[in-house]
Structures are given as C-alpha cells and as structure tokens.
Amino acid sequence: MKYVLVTGGVVSGLGKGVTASSIGVLLKACGLRVTSIKIDPYLNTDAGTMSPFEHGEVFVLDDGGEVDLDLGNYERFLDVKLTRDNNITTGKIYQSVLEKERRGDYLGNTVQVVPHITDAIQEWIERVAMIPVDGKEGPADVCVIELGGTIGDIESMPFIEALGQFSYHVGPGNFCLIHVSLVPVLNVVGEQKTKPTQHSVRGLRGLGLTPNILACRSTKALNENVKAKLSQFCHVPAENVVTLYDVPNIWHIPLLLRDQKAHEAILKALKLLGVAREPDLQDWIARTRVYDVLLEPVKIAMVGKYTGLSDSYLSVLKALLHASVACRRKLVVEWVAAGDLEDATAKEAPDVYKNAWNLLKGSDGVVVPGGFGDRGVQGKIIAAKYARENKVPFLGICLGMQIAVIEFAQSVLGLDDANSTEFDPQTSHPCVIFMPEGSKTHMGGTMRLGSRRTYFKVPNCKSAKLYGNASFVDERHRHRYEVNPDMVPQFENAGLSFVGRDETGQRMEVIELPSHPYFVGAQFHPEFKSRPGKPSALFLGLVAAASGQLDAVLQNYGHESKLLPNGMSNGKPIVKPYQNGNATKSSNGSLNGVYSNGNGVHY
C-alpha cells in the first residue's frame, strides 16, 4: 500500500479536501485504484451532532456514518463508497484506546499519548486503507490521507507525531507528503509573498515531516522566481512546487495538477513511475469544457435556515450543479432564508421580506432541503405552498418532504393545526410523527441512518421514470420523524400520492402531486449519491422541469449508447442518474462555479 498525506498550513479553508480529491482523480486516471481517509482532530466521535455553521453539512455514508463534508468530495470526485471508518476523529481514537484499557489490553502499562494513541492512529490507517471502496476485490493501490486543520494546531499534535512515525514505518517509496499552503498577494505592493509558506514548512519539518510537494494556493499562477525561492527555503525541488490558483470551477483542479506534472512527482515519490500510465482525463475534460461554456441560466431558490453558510448545503449545491450541467444550464442559486418569508419579517424588516419574496418569485424552481428545529419552518411551509399553487417545480428533501405534507394538510385538507410533533407535540392532527425506534435522550447516531431501500408503488410516476423505470432504489437517510401512516389514506384521497415506500409499506419515502408539473418530496437525501456525469435522478428532474426539459428527459431516458462524456446526446439531456449502486472562491466571483445572489458566505 502506498500513502499520500495532504496537510495544510498558514490558514484553514484553503481547499485541502478538493486538493486531496483532485489528487485521487489524477492517480485514478493513471490506472491506479484509490481510497481516501479524512482525519478530523476534534473530540467529537463524529460530525452528527455538530451545527452546520460549525463545520458545514453532515455527509451521510451508505453504512450510516455521519462524517465530514470532505468525504462527500472524495465520493463525488472518485465515484467510490466510503465507510464511517474512513473518517478518523480524536474522539474515535480515544474511545477505542479507552475501551481497550477497560478490557485490560494494556494491563500493567501506563496508557499514554505516545505510544498508545499514536499506535492506535497508525493501526486505524493501515486497517481502513485495506478496505475496498470501488466495488472491486482486494485493497486499493494508493490511500490519500487528508489531515484536517492547520499545522501547529495543538489538537492535531498526536496525529502529526503518529504520521511522522508512520512515514518511517512504511519506509521510503511508500509515503508522499503534499503540503497545501497560502502564497498571499499584498494589494499595496502586488507581490507574491512566500514567508507564510516558509514558516509553515519550517514548523512541519520541526514536527518530523518533510514535504515532497508544495501545493500553493494563490490568486494567480506563481512566478518562476517565487517558485525558486520556495524551493530553496523549503528544500523542495522547483518542479515539485505547484500552483493551485483560482479557477472558474473546481473541476479544473485535477487538470491544473496534471498540467504541472504533479502526478509524475507523486508517482516518483511512490516509486510507481513504471507501473502507472499517463493520466486519461478525457471524460473529465469534456465535462469541464461543457461546464465552462454554459450561458443560459436556471434559477433555483434554496429555502433553508442555514443560508448564511453555503457549505451547510454543499451536497445539495453539487447535486443541483451536476443536474444543471446535464441540462446545459448555468446554475444560479437564489439563497432565501426561510424566516424572511414569514409575516413577522414583513412587520420587522419589510425590505428583507420583499427581497426574499422577489427571489422566490423570480426562481424557476424551489428546493427545501433538510434541517432540524422549528426556526424557519413557517417560511418553508409558505415556500411549499407558493410552489404548489403556482405550478413551480419543487423538490423537498427529508424535512422538506415533511414540510410539503404539513402544508398540504393545512391548505388542502383544511386541518389548520396540522403539524409535526417535532414542532407541536400537542397538535390534534399529527401528520408527521416521531419514529418508534428513535431515541429522545441520546442525539448521536440514533436516527434512521444510511442506505435504505425504497419501493415504487406507482410504476408510472415521475420519480420511478427518472430512476430508469426502477422498481426500487437504495438511497441514504438521516431522520427521526416520518409521515404518519394513519393519515396517508386521507392525503391520497385528496390527491397527494405516496409513490415510494419502504419494504413494510408503512414508511413513506417519496411523494408526488400528479396534477403538478413537478412537485416531489423525498424522505431520503438523494444529493449524497449524485456524481459529476451521473446526477441524482430527483435533482435532474427538478432542473429539467425548471428549464422546460422534463418531458425530453423522461422520453429520451435510457439511451445509454448515445451518451457523450458530457452527458448530452444531440443537445438533449439523457443522463443516466446515479441509482443503486471545502469550497474555494473562484476568480470570477462564483462559488465552485455556482452563481448565487451573494447571501451565502463564500470562503
């Protein structure tokens, strides 16, 4: 097994996750099998109980693991299925060591950070690196490891020490260190400054790790004299100093690395030059070119409660992006804070209220994503009502589906106090209820999590067609509440169709409004399995409906032999959606190529 370690210096948020994912794409294009590990030095056991404002979205894996959003980047870029153990946290390591101590595995020893914690880290890495994630037999050829945080952080010190020992343990030719650092440009003098990176590398070397490659984040490509200076002071060959400058979208990053021959430097360090081939990125290049020339916009309103940080909905953004590229449309996301649509805002901040409604009414489609808590719920209900009554394409995800059901109960069934017991435990019409297997005392890992099977009960529904006329589909879940099965007959008699259910037929998974051009809700999270070139079926349906292409998508579906790498055939989108089976701000002002109204915070 070969290992590539990606570390970060100077500041956080440089895009280590995208860099690590892009390195994986490049190595995979060289014919190597790749797996990934993300190390998060925080004490939480997993990301499940953290606010999206803290670390962005919680990404959910097939096995139910609630992990860092960077694992979503790995899965999307590499088209793999990772496990919960591919995300290492300080909490997991200490928990495993303390369990061993209680069992008596260390009987007679004083349990210490060195060697017991550092040994546990190394053993975890070696064990997880051997798990196949690409659907093939046997372990991968290369494991890309990303160390979260910044060199010098106190919390990451045990991992730095463990990785220093690990590099010695696996030996020369099996370990390559790539250090991502910042080369800022001071506006006053306009000069690329190398001192921050010099200090960062000095600190890294002082901790026992020497970088093989420097990946320098900057607004523009590094000047040759700057590369020479970094090479001299950081003891890295000049050809191993690569620039990751701002690009229109992150799909360019693997191409940037290839053009600077980063793959040759990595393969040389890993002694794989004679084994790997030249990188074949034809499909990747074709998709990136299509992405770059998109002009005709499709506006999607994102109505949520975490709109102040776009990373809170990163996978939803990516799924919308994949679908919009397939439909040959430039995605424009209109961020609408759900609370801004409510009557209370009209009284307190009329300008904010007016702006929110203008954004909603000016959109071609509406997404209400998942979330927890009652803040903004009324605004989401209002958005669902607007989309339903005005025939605007709508997709509700997890809580978004429950919101659509609540709105239908209130507006169509006339049950004014209909609600979820999450928001009103005393409601006389509980159309959304707490699941019996859930826990109300322990929050972490107690939801209905991971891949579950949904069966389509209405064969000709739009959702089933978008999934390729499938009779069932496996998608990832993360919820504590569900639609009350006792009220389902009442809903269906009024025209709301529950087209997808679990294996028992009692748990509602997908809703549709047959009288509406596209009004779909899913209890699962389809965004987690969307991939470039293989967009999520329900997101493809939303964007196609929003751009007037839904009929073409449904009619042309299934002609895989006619598919081009960019997902188009004769100008018509017939992409095969995925089934069963940290962002950096670009120079043109878009977030990973997604254009927004600016209400999200861009890092």
Side-chain angles (χ1 to χ4, degrees), residues 290-291 294-304 307 310 313 315-336 338 341 356-369 380 382-397 400-401 403-404 461-463 465-467 510-522 526-527 530 532 534-557 567-568 571-575 577-578 590-591 593-597 599-600:
V290 169
Y291 188 172
L294 297 176
L295 294 174
E296 190 173 346
V298 58
K299 293 183 179 180
I300 304 296
M302 185 89 76
V303 183
T307 53
S310 57
Y313 302 115
S315 290
V316 178
L317 278 174
K318 298 302 182 187
L320 286 170
L321 179 64
H322 301 157
S324 64
V325 172
C327 292
R328 292 277 182 130
R329 294 292 186 273
K330 184 172 78 173
L331 177 64
V332 179
V333 176
E334 304 287 19
W335 295 95
V336 181
L341 297 170
W357 271 101
N358 286 341
L359 291 174
L360 183 63
K361 290 180 177 179
S363 298
D364 304 309
V366 177
V367 173
V368 177
K380 294 176 184 178
I382 291 168
K385 182 177 183 178
Y386 168 80
R388 180 181 60 80
E389 292 181 344
N390 293 279
K391 307 294 185 183
V392 177
F394 173 89
L395 177 60
I397 302 166
M401 179 188 108
I403 289 292
C461 66
K462 294 183 182 76
S463 300
K465 288 179 180 178
L466 287 166
Y467 277 106
V510 185
I511 64 166
E512 282 188 20
L513 205 55
S515 59
H516 193 284
Y518 191 83
F519 193 93
V520 176
E527 69 270 21
S530 184
K534 290 191 285 187
S536 163
L538 300 186
F539 281 91
L540 179 63
L542 173 75
V543 175
S547 56
Q549 303 180 67
L550 183 59
D551 289 341
V553 168
L554 296 176
Q555 289 171 11
N556 289 316
Y557 193 83
M568 305 300 296
K572 294 182 179 180
I574 51 169
V575 172
Y578 196 99
S590 66
L591 178 68
V594 180
Y595 292 75
S596 78
N597 59 20
N599 292 347

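As the structure is a computational prediction, the values presented were derived from the model and not from experiment. Starting from 1, each residue takes its place in the sequence as its number.
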Can you tell me if Glu527 and Ser536 form a side-chain donor-acceptor pair at under 3.5 Å? no
Can you sort out the partners of Tyr518 under ring pair (Phe, Tyr, Trp, His ring centres under 6.0 Å), two or more places apart, ordered by chain and number? none
Is there a side-chain contact between Val510 and Met401 in this structure, where contact means two heavy atoms from C-beta onward sitting under 4.5 Å apart? no
Reported CG-to-CZ distance for the pair Asp364 and Arg329, which is rounded to 0.5 angstrom: 9.5 Å
Flag the pair Pro526 / Tyr467 as yes when at least one side-chain heavy-atom distance between them is below 4.5 Å, and no otherwise. yes
Calculate, to the nearest 0.5 Å, the distance between atoms CG and OG belonging to Leu317 and Ser310 respectively. 6.5 Å
Minimum side-chain heavy-atom gap Val298-Lys330 below 4.5 Å: no
Is there a side-chain contact between Asn390 and Lys361 (heavy atoms, below 4.5 Å)? no
Quick check: closest heavy atoms across Ser363 and Ala301, and the distance to 0.1 Å? OG-CB, 3.3 Å
Using a 3.5 Å distance criterion without hydrogens, assess whether the side chain of Lys534 forms a donor-acceptor pair with backbone atoms of His322. no
Testing the basics here: between Lys380 and Pro369, what is the closest heavy-atom pair and its distance to 0.1 Å? NZ-O, 4.5 Å
Measuring from atom CG of Leu540 to atom CD of Gln549, what distance do you get when rounded to the nearest 0.5 angstrom? 9.0 Å
For a quick test of reading the model, state the closest non-hydrogen atom pair linking Ser324 to Leu331 and the distance between them. OG-CB, 3.5 Å
Which atom names give the shortest non-hydrogen contact between His516 and Ala387, and what distance separates them? NE2-O, 2.9 Å
Would you check if Phe519 and Val392 make a side-chain contact, meaning some heavy-atom pair closer than 4.5 Å? no
Looking at side-chain heavy atoms only, is the closest gap between Leu294 and Glu296 below 4.5 Å? no
Residues which pass side chain to side chain donor-acceptor pair (under 3.5 Å) with Ser315, listed by chain and number, not counting sequence neighbours: Glu57, Arg76
Does the Glu512 side chain pair with the main chain of Cys461, one donor and one acceptor, at a distance under 3.5 Å? no
To the nearest 0.5 Å, how far apart are CG in Leu321 and CD1 in Ile300? 12.0 Å
Pro517 vs Leu550 side-chain heavy atoms within contact, under 4.5 Å: no
Lys462 side, atom NZ; Leu513 side, atom CG - distance, nearest 0.5 Å: 8.5 Å
Evaluate Gln555 against Val553 for side chain to side chain contact (heavy atoms under 4.5 Å, CB included), listing each step before the verdict. CA-CA 6 Å; Gln555 289 171 11; Val553 168; over 6 Å; no
Any heavy-atom pair between the side chains of Val290 and Arg328 that's under 4.5 Å? yes
Looking at every heavy atom in both Tyr313 and Gly304, which two are closest together, and how far apart are they? OH-CA, 3.5 Å
Exercise: identify the closest heavy-atom pair between Ala323 and Val543: CB-CG2, 3.7 Å
Check each of Leu395, Leu542, Val303 against Val366 using the side chain to side chain contact (heavy atoms under 4.5 Å, CB included) test, and report the only one that passes. Val303
Among residues at least two apart in sequence or on other chains, which ones pass ring pair (Phe, Tyr, Trp, His ring centres under 6.0 Å) with Phe539? none
When Phe394 is tested against each of Val367, Val368, Val520 for side chain to side chain contact (heavy atoms under 4.5 Å, CB included), which residue passes? Val368
